[in-house]
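Sequential numbering from 1 along the given sequence is applied to the chain's residues.
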Amino acid sequence: VAEVNEDSSLFETMRTCGFAVYARQQIWRRLPGTTHHPTGRLVTLTEQTEADIPGIMALFTATVPGLMQQIVSPSEEKGLVFRRDDRIEGYFAIYEGKNGIFVTPYLHTDVSETAPDVFAAVLRMIPRCEKLPLYVCVRRHQDWFTMSLHALGFEPGMQQAVMVRHLTAGVRHARFETA
């Protein structure tokens, strides 16, 4: 699996090497110190626990297309969970490094009206985003929440193709001789 900028020469090289485009995505960026428009509703997020994993997997299978489920999965390391009516309706996998923070969101479409509030809560829960750039990966099937990101001071960035090359290995069958 590879995530490649669509305008790079590597994109064509990978296509000639047998990689196929499975999906498209865009990386949105918010620079530190960017002012955002606060929303009226306060949303509560919690840190991910072991008990949340079944609910996160249910959200993942309900929101990610089947083709993509074969190649991506939610992180089991660090994340934030959004619940409504005792059901997980949002999950944000968070990867922090010394040069920035990368977030992969999984949101149920039922929360479309509260998406700006949920993303504002993510910003509040990551204190380092005031000192480091914050990047959010938005896959094409998630385009519906880009307006929420824009309202919070995010800017659209590079377009990428999620490429996959299937590898196979020969299976040898044992031969048995009669005794």
Side-chain angles (χ1 to χ4, degrees), residues 1-15 17 19-39 42-50 52-53 56-57 59-60 63-64 68-82 88 90-107 111 115-165:
V1 176
E3 297 171 350
V4 182
N5 292 348
E6 291 178 338
D7 58 354
S8 73
S9 58
L10 182 59
F11 177 78
E12 284 304 317
T13 302
M14 294 183 80
R15 285 189 64 105
C17 292
F19 280 81
V21 175
Y22 258 48
R24 304 225 186 259
Q25 66 187 24
Q26 187 170 27
I27 307 299
W28 286 67
R29 179 181 70 171
R30 181 181 180 272
L31 295 174
T34 303
T35 58
H36 61 278
H37 307 291
T39 56
L42 220 55
V43 172
T44 303
L45 301 178
T46 58
E47 291 188 17
Q48 169 189 352
T49 65
E50 278 289 318
D52 295 328
I53 292 177
I56 292 169
M57 292 309 294
L59 172 71
F60 177 76
T63 59
V64 177
M68 286 296 293
Q69 289 179 20
Q70 299 173 33
I71 60 170
V72 298
S73 64
S75 168
E76 293 186 13
E77 293 178 22
K78 181 179 180 184
L80 297 173
V81 174
F82 169 65
I88 294 177
Y91 172 70
F92 299 85
I94 300 171
Y95 309 93
E96 293 190 50
K98 66 179 184 176
N99 295 321
I101 303 162
F102 191 81
V103 176
T104 305
Y106 300 93
L107 274 178
V111 299
D117 303 319
V118 174
F119 278 105
V122 171
L123 293 177
R124 285 191 304 275
M125 294 287 292
I126 306 174
R128 291 184 63 210
C129 73
E130 293 305 319
K131 296 180 182 173
L132 295 172
L134 180 67
Y135 301 92
V136 177
C137 177
V138 179
R139 297 199 171 101
R140 277 300 173 254
H141 65 274
Q142 300 169 317
D143 273 347
W144 60 271
F145 57 70
T146 57
M147 294 303 290
S148 300
L149 293 173
H150 186 70
L152 292 170
F154 284 84
E155 296 177 356
M158 61 187 100
Q159 300 273 349
Q160 294 182 330
V162 179
M163 302 181 83
V164 174
R165 180 172 179 206

Can you name the salt bridge (Lys or Arg N to Asp or Glu O under 4.0 Å) partners of Arg165, sequence neighbours left out? none

Residues which pass salt bridge (Lys or Arg N to Asp or Glu O under 4.0 Å) with Glu47, listed by chain and number, not counting sequence neighbours: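 With neighbours one apart ignored, the set is empty.
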
Please list, chain by chain and in numerical order, all residues satisfying side-chain contact (heavy atoms from CB on, under 4.5 Å) with [X], sequence neighbours excluded.
X: Leu132; answer: Ile101, Arg128
X: Asn5; answer: Asp7, Ser8, Met158, Gln160
X: Pro156; answer: Gln26, Trp28
X: Arg139; answer: Glu3, Gln25, Met68, Val72, Thr104, Tyr106, Cys137, His141, Gln142, Val162

Can you name the residues that form a side-chain hydrogen bond (donor to acceptor under 3.5 Å, both in side chains) with [X], not counting sequence neighbours?
X: Tyr135; answer: none
X: Thr49; answer: Asp52
X: Arg15; answer: none

Rounded to the nearest 0.5 Å, how far apart are CG of Leu80 and CE of Met125?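 Output value for this atom pair is 5.0 Å.
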
CG of Leu149 to CZ of Arg29: how many Å apart, nearest 0.5 Å? 14.0 Å

Test Phe154 against Thr146 for side chain to side chain contact (heavy atoms under 4.5 Å, CB included), laying out the working first. CA-CA 9 Å; Phe154 284 84; Thr146 57; over 6 Å; no

Where do [X] and [Y] come nearest, in terms of heavy atoms and distance?
X: Pro116; Y: Leu152; value: O-CD1, 3.8 Å
X: Ile56; Y: Ile88; value: N-CD1, 3.9 Å
X: Met163; Y: Phe19; value: CE-CB, 3.9 Å
X: Leu107; Y: Gly90; value: CD2-CA, 3.7 Å

Please determine whether side chain to side chain contact (heavy atoms under 4.5 Å, CB included) holds for the pair Arg30 and Leu123, giving the CA-CA distance in whole Å, both sets of side-chain angles, and the decisive distance to 0.1 Å. CA-CA 10 Å; Arg30 181 181 180 272; Leu123 293 177; 3.9 Å; yes

Check against side chain to side chain contact (heavy atoms under 4.5 Å, CB included), Val136 and Val122: CA-CA 11 Å; Val136 177; Val122 171; over 6 Å; no

Could you tell me if the side chain of Pro32 sits less than 4.5 Å from the side chain of Pro133, heavy atoms only? yes

Side-chain contact test, heavy atoms from C-beta onward, threshold under 4.5 Å: evaluate it for Ile27 versus Phe102 and give yes or no.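 Side chain of Ile27 against side chain of Phe102, heavy atoms only: contact under 4.5 Å found.
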
ring-ring contact (aromatic ring centres under 6.0 Å, His included) involving Phe145 - partner list, sequence neighbours excluded: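 For Phe145, the residues satisfying ring-ring contact (aromatic ring centres under 6.0 Å, His included) (neighbours in sequence not counted) are Phe119.
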
